[in-house]
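Any value given below was found using the heavy atoms of this structure, including those in side chains, with hydrogens, waters and symmetry copies removed. In each ligand, atom 1 is the first atom listed, and ligand 1 is the first ligand listed.
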Amino acid sequence: MNTAIVGLQWGDEGKGKIIDILAEKADYIVRFQGGNNAGHTVVVGDREFVFHLIPSGILHKAKTCVIANGVVIDPESLLSEMEYLDKNGIKLKSNLKISELCHIIMPYHRILDKLRESKRTQRIGTTGRGIGPCYADKISRCGIRAVDLLNPNVFKEKLEDNLKEKNEIFKKVYKHPGFDLDQLYNQYFDYGKRISKYICNTTILLQEVVKKNKSILFEGAQGTFLDIDFGTYPFVTSSNTTAGGICNGSGMPPETINKVVGVVKAYTTRVGEGPFPTEFKDELSDIIREKGREFGATTGRPRRCGWFDAVLVKYATSLSGVREVAMMKLDVLDNLKEISVCVSYKYKGKIFRNFPYDFEVLTGAQPVYKTFKGWCSDLSKIHKFNRLPRNALNYLCALEDLILAKIRIVSVGSARSETIFR
Ligand code: IMP
């Protein structure tokens with residue numbers, strides 16, 4: 001049984017915790033898109049781990065974690081994450097595999113990411129990790145892949161070609177001095193050597209895994225509305241965060257994905273710029289941010305907060321074929337007397353029940369809310385679904401009808417034990 005986990009909002013839904021729980025039943029945990037823009041937080045006992053690149057399943061012994069071809073890798077970030085794991089007593093050996101086809105984030109990608117942002121009238125609010133420029137080079141067919149780092153001739157030739165063009169752009173457009181070929185070559189060839197033992201053809205590896213009937217957990221990063229095709233473009237990331245990204249990002253055919261679990265927060269958050277129809281306009285924003293500890297795991301930026309948007313999530317479940325949902329952070333709403341859910345948008349007198357892509361409509365849309373009574377009690381000690389207070393059950397059942405998916409997991413705290421399975 002192979003399961004995929006995808007975020008149904010703008011990322012930060014709490015995927016790290018669900019991946020950690022579901023990883024127990026999987027043999028292989030596979031990341032298929034994004035890079036170190038992600039921040040997956042996992043709490044084990046009184047310790048908190050944050051992963052950016054290495055699948056969060058690495059905390060489980062006897063599991064193999066795979067960084068598949070759809071992921072972009074910053075070797076500096078990867079090496080420092082490896083060091084972080086080592087310091088925390090987690091040993092990497094044959095339990096980590098990296099696809100030779102992963103594109104490599106180079107310093108010019110990181111710098112270009114920041115320079116481009118500084119020149120934009122409408123900033124995207126990227127994480128500044130070089131994700132967009134690296135994927136852009138992949139599509140422009142001038143990217144450098146993990147396999148290239150291992151071959152001195154190929155690597156040098158590709159890097160030289162890149163720098164010829166890029167250095168001119170850096171100097172002329174951005175007044176940046178550019179990059180030295182030898183220095184960059186030596187530095188990244190060395191990184192290549194240090195990660196070489198993990199690099200292989202992960203597609204063949206995973207195909208063998210499927211043949212042997214072992215199970216795979218696909219670990220999505222970011223969320224549906226950051227998807228390069230289906231998100232709130234251009235305020236998105238540069239990869240396919242929906243379930244469709246799994247096939248291209250890992251080389252696994254569609255029939256190998258047996259189930260897609262959507263992860264969603266009981267309210268909505270977003271980091272970075274872009275439309276957010278249900279964003280709080282009052283002090284509720286601070287209350288939820290404090291209670292939900294809504295600060296970016298990668299950049300530390302405060303997250304924007306708002307009510308649950310069922311228009312958005314219903315579209316997300318349809319895009320990834322999600323039938324089962326994990327509802328995260330329900331406890332954050334514990335003290336609210338009333339809880340609202342957006343059921344449609346209104347713009348210039350017209351009602352929108354489906355997610356609109358017209359930028360003017362999306363940015364000007366007024367949410368139409370349905371309001372529910374809060375439960376005003378502590379959920380964190382509840383372990384059974386039917387023991388939830390009546391008002392919490394009403395809220396969850398109404399959401400199920402709106403998003404057209406079953407809520408199978410409810411999270412009422414950050415610890416593994418604070419999870420209700422239905
Ligand atoms: P980039 O992926 O760094 O290019 O950033 C593009 C947009 O995606 C920005 O709004 C980021 O804040 C957002 N983003 C990227 N990764 C994450 C994530 O893991 N969680 C939430 N937002 C993210």
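Ligand 1 has no N or O atom lying under 3.5 Å from any N or O atom of Thr126, backbone or side chain. Residue Asn37 places at least one N or O, backbone or side chain, under 3.5 Å from an N or O of ligand 1.
Note: Lys197 NZ to Leu96 CG = 10.0 Å, rounded to the nearest 0.5 Å. From Ile98, atom CD1 reaches atom CD1 of Ile67 across 4.5 Å, with rounding to the nearest 0.5 Å. Atom OG1 of Thr64 sits about 7.5 Å away from atom CG of Leu205, to the nearest 0.5 Å.
Here atom 2 (O) of ligand 1 lies nearest to Thr237 when heavy atoms of Ile228, Thr237, Asp113, Thr241 are compared. Proximity annotation for atom 11 (C) of ligand 1: of Gly125, Gly39, Gly272, Gly125 comes nearest, heavy atoms only.
At least one heavy atom of Gln222 sits closer than 4.0 Å to an atom of ligand 1. For Ala221, the heavy-atom gap to ligand 1 stays at 4.0 angstrom or more. Distances shorter than 4.0 angstrom occur between a heavy atom of Ala38 and an atom of ligand 1. Residue-ligand proximity: Arg270 is placed with every non-hydrogen atom at 4.0 Å or more from ligand 1. Look at Val236 and you'll find a heavy atom under 4.0 Å from some atom of ligand 1.
Atoms of ligand 1 lying under 4.0 Å from any heavy atom of Asp12, numbered from 1 in the order shown and given with element: 20 (N), 21 (C). Residue Val271 has at least one heavy-atom neighbour below 4.0 Å for each of these atoms of ligand 1: 10 (O), 12 (O), 21 (C), 22 (N).
The part of Leu226 lying near ligand 1 is the side chain, judged by heavy-atom distances below 4.0 Å. For Trp10, every heavy-atom contact with ligand 1 shorter than 4.0 Å involves the backbone, none the side chain. Proximity of Arg301 to ligand 1, defined as any heavy-atom pair under 4.0 Å, is confined to the side chain (atoms from C-beta onward).
Around the CZ atom of Arg120, the shell of radius 6.0 Å holds more than 12 heavy atoms that belong to other residues, nucleotides or ligands.
A distance of 6.0 Å or more separates the ring centres of Trp307 and Tyr267. Note: Phe179 and Phe170 meet the aromatic proximity criterion, with ring centroids under 6.0 Å apart.
A salt bridge links Arg289 with Asp286: the distance from a Lys NZ or Arg NE/NH1/NH2 to an Asp or Glu carboxylate oxygen falls below 4.0 Å. Ion pairing between a basic and an acidic side chain is recognised when a charged N comes within 4.0 Å of a carboxylate O; Glu273 and Arg304 show no such pairing. Ionic pairing of Glu76 and Arg110 is present here: one or more N-O contacts between side-chain nitrogen and carboxylate oxygen are shorter than 4.0 angstrom. Here Asp74 does not pair with Arg129 in a salt bridge; the nearest charged N to carboxylate O distance is not below 4.0 Å.
Here the protein heavy atom with the shortest distance to atom 3 (O) of ligand 1 is Thr127 OG1, 2.6 Å.
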